[in-house]
Amino acid sequence: MAVVSLLLFGGLWSAVGASTPAVVTCGSVVKLLNTRHNVRLHSHDVRYGSGSGQQSVTGVTSVDDSNSYWRIRGKTSTVCERGTPIRCGQPIRLTHVNTGRNLHSHHFTSPLSGNQEVSAFGEEGEGDYLDDWTVLCNGPYWVRDGEVRFKHSSTDVMLSVTGEQYGRPISGQKEVHGMAQPSQNNYWKAMEGIFMKPSELLKAEAHHAEL
């Protein structure tokens, strides 16, 4: 699904900078920046030559690459309604917009660093339970200007970049992998994207807190 077509939703969508609560919500389409290595989470129809042989996931320095957009969805076999704020500790799926495959991990070794392989898996947004990642952050919700970690819900590794760089055919792209331990290498931040407006749920909670 091309990013341009998402704009057809009109008033349902809120671009970055709009005057809405600064939370990340289900249905949003975002680019994710690894804040330590300054690369955006990326995928494309290039498969690993080893390990699982599934679609590769990398980090790129380009800000403009359309292959760096990911749609935020509920965990496997669930529906997260558009505009629902993502809670800290909530499991989600990240679906690659251009190929329809989900961010995935499993017990294969990553090709460069020897950590755990991270791939893109499934067809048209449907894969399996190994596509689920838990959002780790401070406070009740994932906020746009805050750093978060993504912990693989089944194997407990952290989505990470440590700087290893590929050669051809994806020269200059960085390896993305899973690491067992938390570190500065596994912090991410929502950057460019199209954000769904927060639902009435968040407004109701804010009203309740004021009473």
Check your understanding: Going by heavy atoms in the side chains, are W133 and L159 under 4.5 Å from each other?
Key -> yes
Review point. Taking side chain as C-beta onward, heavy atoms only, is L32 less than 4.5 Å from F150?
Key: yes
Exercise for review: Would you check if the side chain of E147 reaches a backbone N or O of T35 as a donor-acceptor pair within less than 3.5 Å?
Suggested key: no
Review point. Taking the six-membered ring of Y187, is NZ or CZ of R36 closer than 6.0 Å to its centre and within 45° of its axis?
Key: no
Study note, to complete from the structure: Rounding to 0.5 Å, atoms CG (D145) and CE (M191) come to a distance of 11.0 Å
**Study point:** Residue pair Q116 / S110, side-chain donor-acceptor N/O under 3.5 Å
**Key:** no
Study note, to complete from the structure: Per side-chain hydrogen bond (donor to acceptor under 3.5 Å, both in side chains), D132 is matched among T76, T78, N102 by T76
Point to revise | Within-4.5 Å side-chain heavy-atom neighbours: R82 and T84 | key: no
Review point. Out of V176, V60, V161, which one pairs with V39 under the side chain to side chain contact (heavy atoms under 4.5 Å, CB included) rule?
Key: V161
Check your understanding: Between N115 and S113, do the side chains contain an N or O donor and an N or O acceptor separated by less than 3.5 Å?
Key -> yes
Review point. Just by distance, do the side chain of N186 and the backbone of S183 share a donor-acceptor pair under 3.5 Å?
Key: yes
Check your understanding: Just how far is it from atom CD of E175 to atom NE2 of H177, taken to the nearest 0.5 Å?
Key -> 5.5 Å
Exercise for review: For the residue pair V135 and I92, establish whether any side-chain heavy-atom pair is separated by less than 4.5 Å.
Suggested key: yes
Revision key, fill the gap. Residue pairs passing the disulfide bond (SG atoms under 2.5 Å apart) test with at least one member in residues 34-120, sequence neighbours excluded, are C26-C80, C88-C137
**Study point:** Those residues that, when tested against E81, pass salt bridge (charged side-chain N to carboxylate O under 4.0 Å, His left out) (two or more places apart)
**Key:** none
Point to revise | same_hphob_cluster(V157, L130) at 4.5 Å side-chain heavy-atom cutoff | key: no
Exercise for review: Would you check if Y166 and S56 make a side-chain contact, meaning some heavy-atom pair closer than 4.5 Å?
Suggested key: no
Practice item. Supply the atom-to-atom distance T99 OG1 to N67 CG, rounded to the nearest 0.5 angstrom. Key: 7.5 Å
Contacts under 3.5 angstrom, residues 119-127 side chains, donor-acceptor by atom type, not counting sequence neighbours:
residue : atom : partner : partner atom : Å
S119    : OG   : Q54     : OE1          : 2.6
E123    : OE2  : R101    : NH2          : 3.1
E126    : OE2  : R73     : NH2          : 3.0

